[in-house]
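Since the structure comes first, as structure tokens, the remarks are kept for the end.
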Protein chains: 2
Amino acid sequence: MDIHQAESLDLVFKHVAKLHKQTVHALLSGKGIYPGQPPVLRALAERDGQSQKELAEKLQITPATLTVMLGRMEKNGLVERRPDDADQRVSRVYLSAKGRLKHDELSSFMYEMEALCFANFTMEERIVFRRLLLQMYDNLVRADLKPPKPDEAQQ
Amino acid sequence: MDIHQAESLDLVFKHVAKLHKQTVHALLSGKGIYPGQPPVLRALAERDGQSQKELAEKLQITPATLTVMLGRMEKNGLVERRPDDADQRVSRVYLSAKGRLKHDELSSFMYEMEALCFANFTMEERIVFRRLLLQMYDNLVRADLKPPKPDEAQQ
DNA sequence: TCGTTATATTTAGCTGACTAACTAATAACA
DNA sequence: TGTTATTAGTTAGTCAGCTAAATATAACGA
């Protein structure tokens with residue numbers, strides 16, 4: 001399929017998303033980190049010590065997935081997991097010094113991707129694109145096939 | 001992160017793409033088919049008997065991934081693989097009757113997703129969104145971190 | 001003709017995603 | 001207080017994606 005001839009907007013979106021993801025992965029492969037890990041580091045940098053449940057909700061992945069990922073990150077020394085003081089079921093996740101360092105290193109990556117995707121977008125185009133993306137997101141949320149995390153459902 | 005407060009357009013896009021994918025998966029899980037399979041069926045319905053190399057290029061996945069996926073689909077009776085007459089390295093992939101049937105069943109799914117994402121978009125919004133998506137796609141292609149398939153590079 | 005290089009597919013191993021089932025801890029209830 | 005229900009995290013299994021290496025075949029050039 002030639003994307004420029006596609007009839008379905010949904011298919012166009014899917015193709016762009018695929019190439020976007022492949023590009024992210026290609027960029028990250030040179031930085032000694034796996035593609036799933038930056039969002040985890042970012043979430044913890046924003047708020048350290050979240051429970052795994054909170055983290056999984058924030059990242060919109062299942063607890064099972066997060067457990068496995070954290071296992072690898074802990075093994076690589078990026079995060080530490082410690083039991084909660086008040087509830088022994090709960091495990092709280094903290095950035096290690098190494099993880100914090102890695103997160104700082106990755107800040108340039110975010111600007112890199114932004115520039116790569118949108119450098120030739122005018123300010124108006126960015127505003128419109130953002131609005132339309134959010135409109136699409138709200139449609140998907142309304143469909144309620146995959147629930148959003150709680151603080152978004154309130155907005 | 002609350003998507004509506006995000007500063008980075010790239011992050012907004014990533015979140016929409018994630019929810020989109022999760023929604024596709026949730027919809028397909030009720031149809032007796034795995035999420036990776038519809039694009040394979042679609043590509044073969046357009047042109048049956050493609051070599052695996054052609055198919056992998058068209059789908060923008062690696063030959064290794066396709067081999068594994070086709071293995072499962074062949075096992076499920078959706079496709080058949082036969083050696084090429086002229087070149088023993090080449091394996092050609094054909095839709096089975098079951099695969100063709102399944103592809104037909106899935107045509108409604110495509111319209112379903114389109115409606116779900118964009119039903120409340122005006123015609124103008126659709127046109128603009130499409131243009132901006134293609135602009136983003138072209139930026140990603142230009143970055144050349146993940147090459148597109150040949151017939152797109154020519155356009 | 002024969003050795004080297006290129007090509008198509010496969011295999012092994014890994015990551016990130018899911019589901020279902022499991023385990024242990026906690027909360028709720030009678 | 002003891003039982004039942006719920007919760008947080010884990011484990012096992014599967015799929016889709018990648019890379020690197022392996023295998024068989026084809027093309028090429030001396």
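These numbers come from the heavy atoms of this one structure, side chains and all, not from hydrogens, waters or symmetry mates. In what follows, every chain begins at residue 1, and chains take the letters A, B, ... in the order their sequences are listed.
In this structure, B/Leu59 atom CG and C/dT9 atom P are separated by 13 Å, rounded to whole Å. Rounded to whole Å, the distance from NZ on A/Lys21 to P on C/dT15 is 15 Å. The separation between B/Met69 atom CE and D/dC15 atom P is 11 Å, rounded to whole Å. Whole-Å rounding puts the A/Asn76 CG to C/dG16 P distance at 10 Å. In this structure, B/Leu70 atom CG and C/dT10 atom C1' are separated by 12 Å, rounded to whole Å. Between the P atom of D/dA16 and the CD1 atom of B/Ile33 lies a distance of 9 Å, rounded to the nearest Å. Computed from coordinates, the B/Leu78 CG to D/dC15 P distance equals 12 Å when rounded to whole Å. Rounded to whole angstrom, the span from the CG atom of A/Leu66 across to the P atom of D/dT11 amounts to 13 Å.
The shortest side-chain heavy-atom distance between B/Met69 and B/Leu55 does not fall under the 4.5 Å cut-off.
Judged as a salt bridge (charged side-chain N to carboxylate O under 4.0 Å, His left out), the pairs with a partner in residues 12-36 of chain B (not counting sequence neighbours) are, in order, B/Lys31-B/Glu112. Residue pairs meeting the ring pair (Phe, Tyr, Trp, His ring centres under 6.0 Å) criterion with at least one partner in residues 19-60 of chain B, sequence neighbours excluded, are A/Phe13-B/His20.
With respect to the salt-bridge test (charged N to carboxylate O, under 4.0 angstrom), the residues A/Lys53 and A/Glu57 qualify.
Sorted by residue number, the members of residues 79-87 of chain B with any non-hydrogen atom under 4.0 Å from DNA chain C read B/Arg81.
Counting side-chain heavy-atom gaps under 4.5 Å among Ile, Leu, Val, Met, Phe, Trp and Tyr, the cluster of B/Ile127 also holds B/Met123.
Every residue was checked against the side chain to side chain donor-acceptor pair (under 3.5 Å) condition with B/His103, not counting sequence neighbours, and none meets it. Considering only residues two or more places apart in sequence or on other chains, B/Arg92 meets the side chain to side chain donor-acceptor pair (under 3.5 Å) condition with B/Asp84. Partners of A/Arg131 by side chain to side chain donor-acceptor pair (under 3.5 Å), not counting sequence neighbours, listed by chain and number: B/Glu125. Legend: residues meeting side chain to side chain donor-acceptor pair (under 3.5 Å) with B/Arg72, ordered by chain and number and at least two apart, are absent.
Each of B/His25 and A/Val90 lies near DNA chain D, and the nucleotide nearest A/Val90 is the one positioned closer to the 5' end. Between B/Ser51 and A/Tyr34, the residue anchored closer to the 5' end of DNA chain C is B/Ser51, taking for each the nucleotide with the nearest heavy atom.
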Nucleotide N/O of nucleotides 3-7 of chain C paired with protein N/O under 3.5 Å:
from: C/dT7; atom 1: O4'; to: B/Arg89; atom 2: NH1; distance (Å): 3.4
from: C/dT7; atom 1: O2; to: B/Arg89; atom 2: NH1; distance (Å): 3.1

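Of the candidate nucleotides D/dA16, C/dT9, C/dA17, D/dA16 has the atom lying nearest to any side-chain atom of B/Gln37. Of the listed nucleotides (D/dG17, D/dC15, D/dT11), D/dT11 has the atom at the smallest distance from the side chain of A/Ala64. Distances were taken from every side-chain heavy atom of B/Gln88 (C-beta onward) to each of D/dG9, D/dT25, C/dA17; the shortest belongs to D/dT25. For A/Ile61, the listed nucleotide lying nearest its side chain is C/dA17; candidates were D/dA26, C/dA17, C/dA12.
Heavy atoms of A/Ser91 sit under 4.0 angstrom from primed sugar atoms or phosphate atoms, though from no base atom. At a threshold of 4.0 angstrom between heavy atoms, the contacts of A/Thr67 include nucleobase atoms, whether or not backbone atoms are also involved.
Contact check, A/Thr65 against C/dG16: no side-chain N or O comes under 4.0 Å of OP1 or OP2.
Stacking of B/Arg82 on the aromatic ring of B/Tyr94 is recorded, both the 6.0 Å distance cut-off and the 45° axial limit being met.
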